[in-house]
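When a ligand or atom number is given, it counts from 1 through the structure's own listing order.
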Amino acid sequence: MTERPAPPPLEYRTPLCSVCGTETRHSVNGRFFCDACGCGWDDSIIDLEGEWENTASEQCTATVRPYEDNTWIPEEDERKHLELRCIRDAGHCKEDELGEPQSLHAHPELITFAKGWA
Ligand SMILES: [Zn+2]
Ligand SMILES: [Zn+2]
């Protein structure tokens with residue numbers, strides 16, 4: 001009989017960013033951070049709004065109508081015309097040297113079915 005391997009060690013997970021849905025980074029000074037979104041949260045009370053790291057930054061102006069082309073939603077449904085505005089910092093989407101945006105636009109409403117838009 002061969003020796004059965006033990007289950008690998010567990011790995012602690014941090015909460016997911018409420019803007020983009022990726023795992024946050026925990027810092028020793030008691031905060032969770034999302035580097036991609038530039039925001040952080042106090043780790044002692046989970047049910048608390050976060051803060052933008054760069055408080056001087058304006059909000060990105062990109063908007064999206066996520067349900068506009070969805071043929072399952074009828075015209076008269078107000079979701080069809082819902083427009084969401086990216087809540088990341090202005091300038092986050094500048095293109096890199098390959099012409100790709102540095103990061104996608106993001107809105108908390110879109111976490112569950114789409115991770116942002118270009
Ligand atoms: Zn994020
Ligand atoms: Zn944006």
Within 6.0 angstrom of [X] [atom1], more than 12 heavy atoms from elsewhere:
{"X": "Leu10", "atom1": "CG", "answer": "no"}
{"X": "Arg79", "atom1": "CZ", "answer": "no"}
{"X": "Glu49", "atom1": "CD", "answer": "no"}

Inset, instruction - Could you tell me whether a side-chain N or O of Glu23 sits under 3.5 Å from a main-chain N or O of Pro15, the two making a donor and an acceptor? - result: no
Legend entry - side chain to side chain donor-acceptor pair (under 3.5 Å) involving Glu51 - partner list, sequence neighbours excluded: Arg31
Inset, instruction - Go through the steps to decide whether Leu16 and Ile111 satisfy the test side chain to side chain contact (heavy atoms under 4.5 Å, CB included), and finish with yes or no. - result: CA-CA 10 Å; Leu16 303 182; Ile111 283 181; over 6 Å; no
Inset, instruction - With the Zn ion (ligand 2) as the centre, enumerate protein N/O/S atoms below 2.8 Å in chain and residue order. - result: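 Near the Zn ion (ligand 2), the protein supplies Cys60 SG, Cys86 SG, His92 NE2, His105 ND1.
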Inset, instruction - Using the Zn ion (ligand 1) as the apex, give the angle to atoms SG (Cys17) and SG (Cys20), rounded to 10 degrees. - result: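 The angle at the Zn ion (ligand 1) comes to 110°, rounded to the nearest 10°.
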Legend entry - the Zn ion (ligand 1) reached by Cys37 (N, O or S, under 2.8 Å): yes
Inset, instruction - Measure up the His26 and Phe32 rings against each other and bin them: parallel (under 30°), tilted (30 to 60°), perpendicular (over 60°). - result: tilted
